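The structure under discussion appears below in the form of structure tokens.
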Amino acid sequence: MTEQPARRLLLVHAHPDDESINNGATMAKYAAEGARVTLVTCTLGEHGEVIPPQLRHLTGAALGAHRLAELTAAMRELGVEDFRLLGGKGRYEDSGMMGIADNDDPASLWQADVDDAARALVEVILEVRPQVLVTYDPDGGYGHPDHIQTHRIAMRAAELAAGAGWEIPKIYWNRVPRTVAEQAFARLQVDLPALPFGKAATVADVPGVVEDERITTVIDGTAHGAAKAAAMRAHATQIDVAEPYFALSNELAQPLFTTEYYELAHGEPAARPESDLFAGLAPQEAS
Ligand SMILES: [Zn+2]
């Protein structure tokens, strides 16, 4: 068996850009520390709205190919070498926002059989043997069908992998503590006139916001904030960055967090709060 880094982190996301927005600082930090960081992205985001006018002609498969190139560039910025598409390129397509006709496309992730999709992820889990899995909460953070389905697939894959020889000791969901979000949006109101965005988003627009007491783990990625911002910039069809803020295609400014927050959904927290996703793992789990 090939030699594996002692610490192995697997992240499962719906579209190219979600990883950089949610976990960019965390991914850069652990990659810089020599951990193996593996990203599995479930779709190429073929139905994403494109921000730059000169790229708005890109739709469907052409947009997917472009977003794969953006993802590749983003991973270079974060120092992450191992990134994959669930089931291989083109296996699952973007389902679009909840309630649109694309949700019913048989090729969409929303229509995928969860067990089938999970089995594709189990192969990755058994190969990488991660101690830590990061994904979304059951609502997908904000109700996008691909994010909800990604949660289901990741959690089911962890269950199936446990029965097939590798139980992932710690599973985390992406979170933002409510008071952190509120304070950041208060600062945003002050800074807004100087930003290239006309309006501000609100706390309700941020995925995964919960009451502070649910946060188990705080990853200080300040040292990797520049890498995170560069990775987000690489997703130029989807994100406009003006540090320390950014906007999606709705052009509403929101904070760019370089400290990232998690809720431990499976496993034992080593402290409260933890400052390391791998905290408390027994040596045999970390080798
Ligand atoms: Zn997404």
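No experiment lies behind these values; they were computed from the predicted model shown. Just follow the structure's listing: the first ligand is 1, and inside any ligand the first atom is 1.
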Would [X] and [Y] count as having a side-chain donor-acceptor pair, cut-off 3.5 Å?
X    : Y    : answer
N174 : N23  : yes
Q149 : Y136 : no
D276 : Y30  : yes
D137 : H151 : no

Please say whether the positively charged group of R7, taken as NZ for Lys or CZ for Arg, lies over the ring of F278, i.e. under 6.0 angstrom from the six-membered ring centre and within 45 degrees of the axis.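 Judged by the rule (NZ or CZ under 6.0 Å from the ring centre, within 45° of its axis), R7 counts as positioned above F278.
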Ignoring water, what protein N, O or S atoms are under 2.8 Å from the Zn ion (ligand 1)?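 The answer is H15 ND1, D18 OD1, D18 OD2, H147 NE2.
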Tell me, yes or no, whether the heavy-atom count around E127 atom CD, taken from other residues, nucleotides or ligands under 6.0 Å, exceeds 12.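 Result for CD/E127: enclosed.
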